[in-house]
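Scroll down for the structure; my scribbles are underneath it.
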Amino acid sequence: MNKEILDKINQFTRRPFTEEEIYTFSVILCDNDIDRDFERFSDTALETLAENFIGKTGIFDHNPTTSNQNARIFDTEIVTDNSRKTKTGEPYKYLKASAYMVRTADNETLISEIDGGIKKEVSISCSASSRKCSICGCDKAINGCVHTKGKMYNNKISYVTLDNITDVYEWSFVAVPAQINAGVTKRSVNSGNISTYSDVNIINADNELRRDIRRLAFFAGGKSAVDNAMISAEFMNTSQLIEMKKSFEKCMMSTKIEVQLIPDKENDFSADDFSMKQEVKNEYRSR
């Protein structure tokens, strides 16, 4: 670890730490490709995120408690990979962050899990005040449109471009990130080229829909709404689940609030299982 890296880390510490006391790793937070939610970040959004993620804490499952803090970002950069294109045909870009943890007896297992590729997928939580439809150009943050994300219109996929980032909250280790490429990289911040772990997650579609309904229901009406929604969704088929999810999404659109991740828990509901983004994207999920 060179002095420049150590100096950046020590900007966030109360006393200077030595290389032996610090563990560092790199992580891809998000990119400009269409994600699992059929949303993507604009290049401008990536630049804003890069600026604002410096100093942000890393937690687990978007559970914002002090005891859940495990790392902090001390540097970021936007990387352009000209060897690949996004689904929209643009040069692929991603936001890479450098994070650190203080080595303690309590986090020895976590460090081993990061090194071993067990803890790797990550997701971000942020706010975006612009959500433009790829089909008609309508800003869904202001006015809705008839185009549904993920559907084809005249042989073109419908997706939303997130822009005008207004706030950045945190980043989390999660089981299933919205962005396929988001996660801890194989090399440390002191190494040269980086590459990401493969992130292939096959989830039962109906279970995923129920998770989405669960998180949307919480912000629509709290725990009671979740309980009622889960009772109704238990015996629904796929098409019925999709319609229920759409109804909650419309509710969220009217309030300009969405949530981010698919919780990694099917049972044991807690308000901390969800992350809220105000103003619109809000789902970014990582984004």
So, the side chain of Thr76 versus the backbone of Leu95: is there a donor-acceptor pair under 3.5 Å, distance only?
-> no
Just by modelled atom types, is the Ser127 backbone N or O under 3.5 Å from a matching donor or acceptor in the Tyr169 side chain?
-> no
Common cluster, Val102/Ile5, ILVMFWY with side-chain heavy-atom separation under 4.5 Å | yes
Spell out, as yes or no, whether a donor-acceptor pair under 3.5 Å connects the side chain of Asn154 to the backbone of Lys156.
-> no
Are the charged groups of Lys140 and Glu39 less than 4.0 angstrom apart, N to O?
-> no
Between the side chain of Thr57 and the main-chain N/O of Ala71, is any donor-acceptor distance below 3.5 Å?
-> yes
Between Asp163 and Ser130, do the side chains contain an N or O donor and an N or O acceptor separated by less than 3.5 Å?
-> no
Lys93 pairs by side chain to side chain donor-acceptor pair (under 3.5 Å) with which of Asp31, Asp33, Asp43, Thr80?
-> Asp43
Go through the steps for Ser224 and Asp227 under the test side chain to side chain donor-acceptor pair (under 3.5 Å), then give the verdict.
-> CA-CA 5 Å; Ser224 61; Asp227 292 340; over 6 Å; no
Residues Asp115 and Ser112: side-chain donor-acceptor under 3.5 angstrom | no
Taking Arg40 for its side chain and Tyr159 for its backbone only, find out whether a donor-acceptor pair lies under 3.5 Å.
-> no
Spacing of CG belonging to Asn52 relative to CD belonging to Glu47, to within rounding of 0.5 Å = 12.0 Å
Here the gap from Tyr23 atom OH to Asn107 atom CG, rounded to the nearest 0.5 Å, amounts to 10.0 Å
Tell me whether the guanidinium CZ or amine NZ of Arg15 lies under 6.0 angstrom from the six-membered ring centre of Phe17 and within 45° of its axis.
-> yes
Do Thr44 and Ser42 have side-chain N/O donor and acceptor atoms under 3.5 Å apart?
-> no
Using atom types as modelled and distance alone, determine if a side-chain donor or acceptor of Asp37 lies under 3.5 Å from a backbone N or O of Val160.
-> no
